[in-house]
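Below: the structure, in structure tokens.
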Amino acid sequence: MTGFARGRRLRSTPALRRLTAQTRLAPADFVLPVFVKQGIDAPVPISAMPGVVQHTLDSLRKAAHEAAEAGIGGLILFGIPGEKDAVGSQADAADGIVNVALQQLRADLGDELVLMADLCLCEYTDHGHCGVVTPARGGVRGQGGGMVVDNDPTLDRYAAVAVAQAQAGAHLIAPSGMMDGQVAAIRRALDGAAHTETPILAYAAKYASGFYGPFREAAEGAPQFGDRSTYQMDPPNADEALREVAQDIAEGADAVMVKPALPYLDIVARVAGAVHVPVAAYQVSGEYAMVEAAAANGWVDRERAILETLTAIRRAGAGTVLTYWAVEAARLLARA
């Protein structure tokens with residue numbers, strides 16, 4: 001048969017496929033999430049996330065240098081303090097683990113990598129919630145034990161933490177707590193502390209997902225009562241994501257994020273089509289763990305699955321992908 005279109009013509013060799021690829025991956029697209037823990041003298045493996053560890057300050061510095069050598073775009077830091085309390089005091093303490101790590105990494109690397117600071121309180125509070133908890137009142141149902149995460153006092157804490165992280169050397173602040181008004185509060189605080197040039201990457205559409213389980217082990221931040229469904233987004237809702245994103249941009253967000261990534265590619269695509277700021281997506285711990293577990297059982301080709309999932313997230317419209325495979329993926333691309 002002749003005279004009809006044959007899609008296979010442009011797929012017949014690796015070179016043709018590369019030439020006509022509509023989505024490309026580059027190491028600079030990737031951000032590596034890292035965990036740093038106070039009071040340990042050797043890295044601690046995360047059982048549900050093979051290859052991921054809770055770092056010491058020294059091992060984090062080594063990992064950061066390896067990330068820079070691989071050419072990835074940046075790191076995002078999560079901290080596990082030696083002591084926790086009701087308001088997460090260690091999050092903005094000068095000797096808090098993330099703030100010390102930021103100081104060291106900025107001194108080591110300067111501007112070679114973008115150093116992002118995740119801004120939340122769940123790792124720092126003894127109750128494991130993302131903000132200040134108070135007794136429920138006025139007919140509001142609490143998360144558990146009659147307690148509720150109180151939005152506005154939490155904003156005051158976020159503002160203080162943002163300033164501390166910027167002073168410690170963070171290039172970018174990434175608030176993930178999903179409190180209403182968090183971006184505006186952080187922007188005011190940063191501007192008032194002469195950090196007007198520090199950008200905000202808002203976790204604008206962060207869903208109350210079942211894919212966060214391994215992260216809870218890594219960050220030691222599981223809620224001690226209830227869950228986070230009253231402040232994180234409800235998985236069935238899509239239009240609400242666009243409203244949350246629009247609000248964060250109106251409050252001063254310089255970029256926005258969707259989390260998780262693979263189960264929410266439709267949200268990534270809708271957000272990317274609706275806004276004119278950079279869009280990131282977080283390939284979360286459960287996504288990582290599923291591929292690693294399937295590969296360990298011989299059910300999927302591990303390296304192929306890694307690059308395919310990252311391509312899918314970029315294809316949906318995310319310019320930046322936060323992934324625990326960031327360094328490995330960069331090395332795979334260099335080999336290709």
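Bear in mind that the values here come from a model prediction, so they are computed numbers and not experimental data.
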Heavy-atom closest contact ([X] atom, [Y] atom, distance):
X: Ala272; Y: Gly317; value: CB-O, 3.6 Å
X: Ala218; Y: Ile80; value: O-CD1, 3.5 Å
X: Ala253; Y: Val183; value: N-CG1, 3.5 Å
X: Val291; Y: Ala305; value: CG1-CB, 4.0 Å
X: Ala64; Y: Leu113; value: O-CD1, 3.6 Å
X: Ala117; Y: Leu102; value: CB-CD1, 4.1 Å

(request) Walk me through it: do Leu60 and Leu105 pass the test side chain to side chain contact (heavy atoms under 4.5 Å, CB included)? (result) CA-CA 9 Å; Leu60 176 61; Leu105 294 179; 4.0 Å; yes
Pairwise side-chain contact, [X] with [Y], heavy-atom cut-off 4.5 Å (strictly under):
X: Gln104; Y: Val100; value: yes
X: Gln283; Y: Pro260; value: no
X: Phe30; Y: Leu25; value: yes
X: Val31; Y: Thr320; value: yes
X: Val256; Y: Val277; value: yes
X: Gln167; Y: Val163; value: yes
X: Gln54; Y: Val36; value: no
X: Leu265; Y: Ile313; value: yes

Just wondering, more than 12 heavy atoms not from [X] lying within 6.0 Å of its [atom1]?
X: Glu308; atom1: CD; result: no
X: Asp41; atom1: CG; result: no
X: Glu240; atom1: CD; result: yes
X: Arg304; atom1: CZ; result: no

Tell me if a side-chain donor or acceptor on [X] pairs with a main-chain N or O of [Y] at a distance below 3.5 Å.
X: Ser59; Y: His55; value: no
X: Gln38; Y: Gly82; value: yes
X: Glu292; Y: Met49; value: no
X: His129; Y: Val149; value: no
X: Ser209; Y: Tyr212; value: no
X: Glu123; Y: Phe78; value: no
X: Asp108; Y: Arg61; value: no
X: Arg270; Y: Ala238; value: no
X: Asn297; Y: Ala293; value: yes

So how far is it from [X] [atom1] to [Y] [atom2], rounded to the nearest 0.5 Å?
X: Arg331; Y: Ile72; atom1: CZ; atom2: CD1; value: 9.5 Å
X: Thr23; Y: Leu310; atom1: OG1; atom2: CG; value: 12.0 Å
X: Met179; Y: Leu119; atom1: CE; atom2: CG; value: 11.5 Å
X: Lys84; Y: Cys122; atom1: NZ; atom2: SG; value: 8.0 Å
X: Asp152; Y: Asp150; atom1: CG; atom2: CG; value: 6.5 Å
X: Ile173; Y: Leu190; atom1: CD1; atom2: CG; value: 6.0 Å

Mind checking whether [X] and [Y] sit in one hydrophobic cluster, side chains of I, L, V, M, F, W, Y counted as touching below 4.5 Å?
X: Val321; Y: Val268; answer: no
X: Leu172; Y: Val245; answer: no
X: Phe211; Y: Val300; answer: no
X: Ile76; Y: Met178; answer: no
X: Tyr207; Y: Tyr203; answer: no

For [X] and [Y], test the side chains for any donor-to-acceptor distance below 3.5 angstrom and give the result as yes or no.
X: Trp325; Y: Glu303; answer: no
X: Thr309; Y: Glu287; answer: no
X: Tyr231; Y: Asp180; answer: no

Do the charged groups of [X] and [Y] touch, with an N to O distance under 4.0 Å?
X: Asp29; Y: Arg24; answer: no
X: Asp191; Y: Arg187; answer: yes
X: Arg302; Y: Glu328; answer: yes

(message) Would Met116 and Asp118 count as a side chain to side chain contact (heavy atoms under 4.5 Å, CB included) here? Give the steps.
(response) CA-CA 6 Å; Met116 303 182 178; Asp118 176 84; over 6 Å; no
(request) Go through the steps to decide whether Tyr124 and Asp85 satisfy the test side chain to side chain donor-acceptor pair (under 3.5 Å), and finish with yes or no. (result) CA-CA 7 Å; Tyr124 299 93; Asp85 60 27; over 6 Å; no
(request) Could you please spell out the steps behind the side chain to side chain contact (heavy atoms under 4.5 Å, CB included) verdict for Gln182 and Thr154? (result) CA-CA 9 Å; Gln182 64 182 18; Thr154 299; over 6 Å; no
(message) Do Lys259 and Phe215 form a cation-pi contact, if we require the NZ or CZ to be under 6.0 Å from the six-membered ring centre and within 45 degrees of the ring's axis?
(response) yes
(request) Just do the side chain to side chain contact (heavy atoms under 4.5 Å, CB included) check on Ile97 and Leu57 with the steps written out, would you? (result) CA-CA 8 Å; Ile97 186 63; Leu57 286 169; 3.9 Å; yes
(request) Measure the acute angle between the ring planes of Tyr324 and Tyr288, then classify it against the limits of 30° and 60° as parallel, tilted or perpendicular. (result)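 Answer is perpendicular, since the angle exceeds 60°.
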